[in-house]
Amino acid sequence: MKTIDNLDFAGKKALVRVDFNVPLDENFNITDDNRIQGATPSIKKILNDGGSVVLMSHLGRPKDGPTDKYSLKHIVAHLSKVLGVDVQFANDCIGEEAVAKAAALQSGQVLLLENLRFYKEEEKGDKDFAEKLSKLADVYVNDAFGTAHRAHASTAVIAQFFPDAKYFGYLMGAELKNAEKVLNNPERPFTAIMG
């Protein structure tokens, strides 16, 4: 398993799949930012190395394309505060604006793409959609444990476009180590609850 510790990100642009599916109140305030906090160490490692980061996530379950309620624009201010950098935002996850903003990223900068699930191709695991996302960066990092079990375009399918440049983030690595510990060397007695 290759983790982000296996790479110096200096001068590299990393496309990072995170799980920022955070709860929002009626005024779009984040009521629990544990998922953002969980991804922060991986993002900061890349930035501290001298890399730049393109973040992609979903939010909620939009049914009919772009919906303000499910826009990731609502988390930009909080994310900027947590990361200590001004996070840029692209109003789409593919298309001209996303391509231009990703291409212009400099070392230490972060770009958040709009909700992946505004495209049905994301949940369908569409290869063409995954390829469009892959063109936004040099390296792919999966740090979205909560969605890793799904064969979506941004989790499973996209990895094929980074044959020698795909890594797990710290959150994903920690969850896999916990699973290996329980499967291969559990402390007894133990109880497993499957959901």
Side-chain angles (χ1 to χ4, degrees), residues 13-44 46-47 51-105 108-126 129-137 139-150 152-158 169-172:
K13 194 170 297 168
L15 182 62
V16 184
R17 178 53 160 105
V18 290
D19 182 1
F20 286 171
N21 187 25
V22 294
L24 302 171
D25 67 17
E26 63 278 357
N27 297 313
F28 303 112
N29 296 306
I30 298 169
T31 58
D32 181 347
D33 78 340
N34 280 330
R35 289 181 173 164
I36 292 172
Q37 294 293 339
T40 297
S42 294
I43 298 166
K44 286 192 172 181
I46 296 165
L47 297 176
S52 57
V53 178
V54 179
L55 296 170
M56 55 181 177
S57 181
H58 72 284
L59 178 63
R61 294 184 178 274
K63 299 294 181 209
D64 300 309
T67 311
D68 185 64
K69 174 182 177 181
Y70 297 118
S71 175
L72 283 165
K73 71 183 178 187
H74 302 300
I75 72 164
V76 171
H78 184 79
L79 181 60
S80 296
K81 184 177 173 185
V82 170
L83 295 177
V85 299
D86 287 329
V87 174
Q88 300 174 46
F89 183 70
N91 291 301
D92 198 350
C93 57
I94 56 174
E96 290 180 18
E97 182 188 5
V99 170
K101 286 189 172 184
L105 277 183
Q109 294 184 319
V110 179
L111 171 67
L112 175 64
L113 304 175
E114 182 56 282
N115 194 338
L116 294 164
R117 289 189 183 170
F118 285 170
Y119 287 88
K120 294 195 183 306
E121 291 89 341
E122 161 66 359
E123 292 183 271
K124 290 179 181 175
D126 185 84
F129 181 69
E131 185 174 18
K132 288 176 185 174
L133 291 168
S134 75
K135 297 201 180 296
L136 300 175
V139 176
Y140 171 68
V141 176
N142 191 340
D143 209 25
F145 182 77
T147 60
H149 64 291
R150 300 185 189 278
H152 289 174
S154 68
T155 54
V157 181
I158 196 170
Y170 292 136
L171 182 65
M172 181 74 88

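Note that the numbering runs from 1 along the sequence shown for the chain.
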Q. Does any N or O in the side chain of Glu97 come within less than 3.5 Å of the main-chain N or O of Asn91, such that one atom is a donor and the other an acceptor?
A. yes

Q | Non-hydrogen atoms of Ser154 and Tyr140 that approach each other most closely | A | O-OH, 2.7 Å

Q.
Please report the interatomic distance CD(Glu114) to CG(Leu72), rounded to the nearest 0.5 Å.
A. 5.5 Å

Q. Taking atom types as modelled and ignoring hydrogens, do the side chains of Asp86 and Ser80 form a donor-acceptor contact shorter than 3.5 angstrom?
A. no

Q) Is it true that a side-chain atom of Ser71 and a backbone atom of Asp68 form a donor plus acceptor pair closer than 3.5 Å? A) no

Q. In terms of side-chain geometry, is the basic nitrogen of Asp126 or Lys120 positioned less than 4.0 Å from the acidic oxygen of its partner?
A. no

Q | Backbone of Gly65 reached by a side-chain donor or acceptor of Thr67 within 3.5 Å | A | yes

Q | Closest heavy-atom pair and its distance - Phe20, Ala39 | A | CE2-CB, 3.8 Å

Q. Is there a side-chain contact between Val54 and Val16, using heavy atoms and a 4.5 Å cut-off?
A. no

Q. Any side-chain donor paired with an acceptor under 3.5 Å for Asp19 and Asn21?
A. no

Q: Report yes if the side chains of Met56 and Leu15 come closer than 4.5 Å at any heavy-atom pair, otherwise no.
A: yes

Q) Under 4.5 Å between any side-chain heavy atoms of Val76 and Leu112, yes or no? A) yes

Q: Give the minimum heavy-atom separation between Ala98 and Ala90, together with the two atoms involved.
A: CA-CB, 4.1 Å

Q.
So that I can tick it off, tell me whether Arg17 and Glu122 are bridged by a salt bridge, with the cut-off set at under 4.0 angstrom between side-chain N and carboxylate O.
A. yes

Q: Determine the interplanar angle of the Phe28 and His74 rings, folded into 0 to 90°, and report it as parallel if under 30°, tilted if 30 to 60°, perpendicular if over 60°.
A: parallel

Q. Which atoms form the tightest heavy-atom contact between Gln109 and Ala104, and what is the distance?
A. OE1-O, 3.9 Å

(Q) The test is side-chain hydrogen bond (donor to acceptor under 3.5 Å, both in side chains); show your working for Asp25 and Asn27 and say whether it passes. (A) CA-CA 5 Å; Asp25 67 17; Asn27 297 313; 4.7 Å; no

Q. How many angstroms lie between atom CG of Leu133 and atom CG of Leu113, to the nearest 0.5 angstrom?
A. 7.0 Å

Q: Would you indicate whether the side-chain heavy atoms of Asn115 and Pro62 approach each other to under 4.5 Å?
A: yes

Q) Under the side chain to side chain contact (heavy atoms under 4.5 Å, CB included) criterion, do Gln37 and Val82 qualify, and how do the steps go? A) CA-CA 8 Å; Gln37 294 293 339; Val82 170; 3.7 Å; yes

Q | Distance-only side-chain donor-acceptor flag, Tyr119 / Asp92, under 3.5 Å | A | yes

Q) Any side-chain heavy atom of His58 within less than 4.5 Å of one from Glu123? A) no

Q.
Taking the side chain as everything from C-beta on, heavy atoms only, tell me whether Val87 gets closer than 4.5 Å to Phe89.
A. no

(Q) Would you compute the distance between atom NZ of Lys132 and atom CD1 of Ile158 and round it to the nearest 0.5 angstrom? (A) 13.0 Å

Q) Is Leu111 close to Leu55 at the side-chain level, that is, under 4.5 Å between some pair of heavy atoms? A) no

Q: List in chain and number order the residues that pass salt bridge (charged side-chain N to carboxylate O under 4.0 Å, His left out) with Lys124, two or more places apart in sequence or in another chain; answer none if no residue qualifies.
A: none

Q | Gap between atom CZ of Arg35 and atom CG of Leu59 - 0.5 Å precision | A | 10.0 Å

Q | Ser52 side chain vs Leu105 backbone, donor-acceptor pair below 3.5 Å | A | no

(Q) Tell me the closest heavy-atom pair linking His78 and Asp33, and the distance in Å. (A) NE2-OD2, 2.8 Å

Q) Between CG of Leu136 and SG of Cys93, what distance do you get to the nearest 0.5 Å? A) 8.5 Å

**Q.** Separation between CD1 of Ile75 and CG of Leu24, rounded to the nearest 0.5 Å
**A.** 8.0 Å

(Q) Could you check whether any side-chain N or O of Lys13 sits under 3.5 Å from a backbone N or O of Ala102, counting only pairs where one atom can act as donor and the other as acceptor? (A) yes

